[in-house]
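Since the model is a prediction, treat every value here as computed from it, not as a measurement. When a residue number appears, it is its place in the shown sequence, counting from 1.
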Amino acid sequence: MLQPKRIKHRKVHKGRVRKVTSRGHYLSFGSYGLKAMESGWLKSVQLEAARRAITHFIQRGGKIWIRVFPDRPRTQKGAEVGMGGGAGSLSHFVAPVEGGRIIFEMDGVTEKVARDALRLAAHKLPVKTRFIKK
């Protein structure tokens with residue numbers, strides 16, 4: 001699972017995710033990619049599930065690049081805890097993803113294989129995505 005080795009602050013404000021991205025919106029490494037069409041937060045477990053779906057489908061063929069990294073900590077209170085008392089303990093890490101941002105890139109496989117593999121990965125993610133190619 002992707003997470004930072006160490007963080008400067010254990011708890012951070014949530015902030016807002018921009019509507020459209022100003023960087024990371026074109027293919028840099030591979031020939032095929034999965035582009036986010038809406039903004040949101042991707043949990044590290046969701047990214048890992050999508051990555052595993054891709055690697056299982058292509059079976060030792062091609063190369064995959066993950067273009068986002070979950071480095072923002074999220075907290076969660078325990079079950080049956082009343083309101084107040086501040087933020088809960090660290091629960092998981094998220095990657096803020098803006099609309100238009102490339103999430104995954106692939107190369108070394110045919111377009112049909114890449115399209116099917118990235119379609120399987122898109123089902124694991126909570127944002128609308130689109131398959132793109134160079």
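- The structure places CG of L34 at 10.5 Å from CG of L27, a figure rounded to the nearest 0.5 Å.
- Here the side chain of E105 pairs a donor or acceptor atom with the backbone of S28 at under 3.5 angstrom.
- Contact annotation: the side chain of M106 never approaches that of K63 to less than 4.5 Å [non-hydrogen atoms, C-beta and beyond].
- Side chain of S39 to main chain of R18: a donor-acceptor pair is present (N/O by atom type, distance under 3.5 Å, no hydrogens or angles).
- For the pair L47 and P70, the tightest heavy-atom approach, listed with the atom from each and the gap, is CD1-CD, 3.9 Å.
- Among residues two or more places apart in sequence or in another chain, the ring-ring contact (aromatic ring centres under 6.0 Å, His included) test is passed with F131 by Y32.
- Rounding to the nearest 0.5 Å gives a distance of 11.0 Å between CG of L42 and CG of L2.
- Among all heavy-atom pairs drawn from A53 and K124, the shortest one is CB-CE, 4.2 Å.
- Between the R51 side chain and the I64 main chain, no donor and acceptor come within less than 3.5 Å of each other.
- In this structure, K43 contributes its side chain and A95 its backbone to no donor-acceptor pair below 3.5 Å.
- Closest approach of I103 to A36, counting heavy atoms only: CD1-CB, 3.8 Å.
- Applying the under-4.5 Å side-chain rule to Ile, Leu, Val, Met, Phe, Trp and Tyr, the cluster around V17 extends to W41, V94.
- Pairs passing the ring-ring contact (aromatic ring centres under 6.0 Å, His included) check and including a residue from residues 44-96, sequence neighbours excluded, read F29-W65.
- A heavy-atom distance below 4.5 Å is found between the side chains of F104 and L118.
- Comment: E98 does not engage K19 in a salt bridge, judged by the lack of any side-chain N to carboxylate O separation of less than 4.0 angstrom.
- K77 places a side-chain N or O within donor-acceptor distance of the main-chain N or O of G86, the cut-off being under 3.5 Å.
- Linking Ile, Leu, Val, Met, Phe, Trp and Tyr whenever their side-chain heavy atoms come within less than 4.5 Å leaves I102 and L120 in two separate clusters.
- The two atoms that bring L90 and P73 nearest to each other are CD1-CB, 3.3 Å, heavy atoms only.
- A 6.0 Å sphere centred on NZ of K134 holds more than 12 heavy atoms belonging to other residues, nucleotides or ligands.
- Side-chain contact between Q3 and S44 is absent, with no heavy atoms from C-beta onward closer than 4.5 Å.
- Of the inter-residue distances, the one linking H25 atom NE2 with I132 atom CD1 reads 10.5 Å to the nearest 0.5 angstrom.
- Taken to the nearest 0.5 Å, the CZ atom of R23 stands 10.0 Å off from the CZ atom of R67.
- Residues R52 and E48 have side chains in contact (heavy-atom distance under 4.5 Å, counting atoms from C-beta outward).
- Between A117 and I54 the shortest heavy-atom distance is O-CG1, 3.8 Å.
- Residues V12 and R72 meet the side-chain proximity criterion, which asks for heavy atoms closer than 4.5 Å.
- Side-chain contact between S91 and T75: absent, with no pair of heavy atoms (C-beta onward) separated by less than 4.5 Å.
- A pairwise comparison of heavy atoms in E38 and K128 identifies OE2-N, 3.0 Å as the closest pair.
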